Q: 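The structure follows.
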Amino acid sequence: GEEVAQTPKHLVRGEGQKAKLYCAPIKGHSYVFWYQQVLKNEFKFLISFQNENVFDETGMPKERFSAKCLPNSPCSLEIQATKLEDSAVYFCASSPNWGVNYGYTFGSGTRLTVV
Amino acid sequence: KQEVTQIPAALSVPEGENLVLNCSFTDSAIYNLQWFRQDPGKGLTSLLLIQSSQREQTSGRLNASLDKSSGRSTLYIAASQPGDSATYLCAASGNAGGTSYGKLTFGQGTILTVHP
């Protein structure tokens, strides 16, 4: 399809529980990104993939966050032992070529609320 | 490290006005600059993409310009309408010669309100 599909749209977790978010990039897009949007429109880069390989994970809180993009499966972002500060909207984006010619297409996001 | 700044933070105008949103970036090593629109509680809608070799792009009432040498981009909205009310974000895509390769760096956004 021509859209980046993110599921679920909303996710509520108690503090300490696990959260798993999914992203299906546009078919043919080899580059996938995850961003976290917190208050006041601040977008924080988390991780990028080139096909199933991690390209840049400098934004990931490594102790609790992990992500995968496996062939023929949606990409996933998993948070172990969620904290209140993880409450945010998580966006996935994809591009055919690092956004050089076509930019990035974003999904509609997953709103994670940790209570 | 790339930093992107948007001015103003918020803008309220009457319907019909032409307006300019500003975006500045510190690292000129970019592939392109992309303008997005975000409605409350929604995702990002891409408005315009300007390649680093281009000076401007136009789509309907929207025109975006890029001046890499000065690290600036502007989004011009002509004849604004209440339906244009949203948050407008600019994002710079880092190229291999810069410090943000493969990433989008976002500005904080301009919250636009167009009242009838």
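Just so we're clear, the structure is a prediction, and the values are computed from it rather than from any experiment. By convention in this document, chain letters (A, B, ...) are assigned in the order of the sequence lines, proteins followed by strands, and residues within each chain are numbered from 1. The figures here come from the full heavy-atom set of this structure, side chains too, leaving out hydrogens, waters and symmetry mates.
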Q: Can you get from B:Val13 to B:Tyr76 by hopping between Ile, Leu, Val, Met, Phe, Trp and Tyr side chains that sit under 4.5 Å apart?
A: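 Different hydrophobic clusters.
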Q: Rounded to the nearest 0.5 Å, what separates atom CZ in A:Phe91 from atom CD in B:Gln38?
A: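 Interatomic distance, A:Phe91 CZ to B:Gln38 CD, rounded to 0.5 Å: 5.0 Å.
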Q: Please flag which part of A:Thr58 lies under 4.5 Å from any non-hydrogen atom of chain B: side chain, backbone, both or neither.
A: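 For A:Thr58, side-chain heavy atoms alone lie under 4.5 Å from chain B.
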Q: If hydrophobic clusters are built by linking Ile, Leu, Val, Met, Phe, Trp and Tyr wherever their side-chain heavy atoms come under 4.5 Å apart, do A:Val54 and A:Tyr90 end up in the same one?
A: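 Hydrophobic grouping puts A:Val54 with A:Tyr90.
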Q: Could you check whether B:Phe106 and A:Phe45 have their ring centres less than 6.0 Å apart?
A: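 Here the rings of B:Phe106 and A:Phe45 have centres that are no less than 6.0 Å from each other.
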Q: Within a reach of under 6.0 Å around CZ of A:Arg13, are more than 12 heavy atoms found that belong to other residues, nucleotides or ligands?
A: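 Correct, the count exceeds 12.
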Q: Using only atom types and a distance under 3.5 Å, with no angle test, would you say the side chain of A:Tyr35 pairs donor to acceptor with the backbone of B:Leu104?
A: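 Checked: pair present.
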Q: Quick one: do A:Phe33 and B:Phe36 end up in the same hydrophobic cluster if we chain Ile, Leu, Val, Met, Phe, Trp and Tyr together by side-chain heavy atoms under 4.5 Å apart?
A: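 Same hydrophobic cluster.
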Q: Flag yes if B:Tyr88 and B:Leu66 sit in one hydrophobic cluster, no otherwise; membership is Ile, Leu, Val, Met, Phe, Trp, Tyr, and two members link when side-chain heavy atoms are under 4.5 Å apart.
A: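 Yes, because B:Tyr88 and B:Leu66 connect within a single hydrophobic cluster, where side-chain heavy atoms sit under 4.5 Å apart.
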Q: Which region of B:Leu89, side chain (C-beta onward) or backbone (N, CA, C, O), has a non-hydrogen atom less than 4.5 Å from a non-hydrogen atom of chain A, or is it both or neither?
A: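 Contact with chain A is through the side chain of B:Leu89 alone.
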Q: Hey, is the main chain of A:Tyr104 close enough, under 3.5 Å, to the side chain of B:Gln34 for a donor-acceptor pair?
A: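 Flag set: sc B:Gln34 to bb A:Tyr104 pair under 3.5 Å.
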Q: Answer whether the closest heavy-atom distance between the side chains of A:Phe43 and B:Val4 falls below 4.5 Å.
A: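 Not touching, per the 4.5 Å side-chain cut-off.
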Q: Inspect the surroundings of CZ in B:Arg61 and state if more than 12 heavy atoms from other residues, nucleotides or ligands are less than 6.0 Å away.
A: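 Count over threshold, so yes.
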Q: Hey, quick one: are A:Leu11 and A:Leu84 part of the same hydrophobic cluster, counting side-chain heavy atoms closer than 4.5 Å, chains of contacts allowed?
A: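 In one cluster with A:Leu11: A:Leu84, yes.
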Q: Drop me the distance from B:Thr105's OG1 to A:Lys44's NZ, to the nearest 0.5 angstrom.
A: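 Separation between the atoms: 13.5 Å.
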Q: At what distance, to the nearest 0.5 angstrom, does CZ of A:Phe106 lie from OG of B:Ser46?
A: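 Answer for the CZ-OG pair, A:Phe106 versus B:Ser46, is 9.0 Å.
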Q: Distance from B:Lys103 atom NZ to A:Ser48 atom OG, nearest 0.5 Å?
A: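 Those atoms lie 8.0 Å apart.
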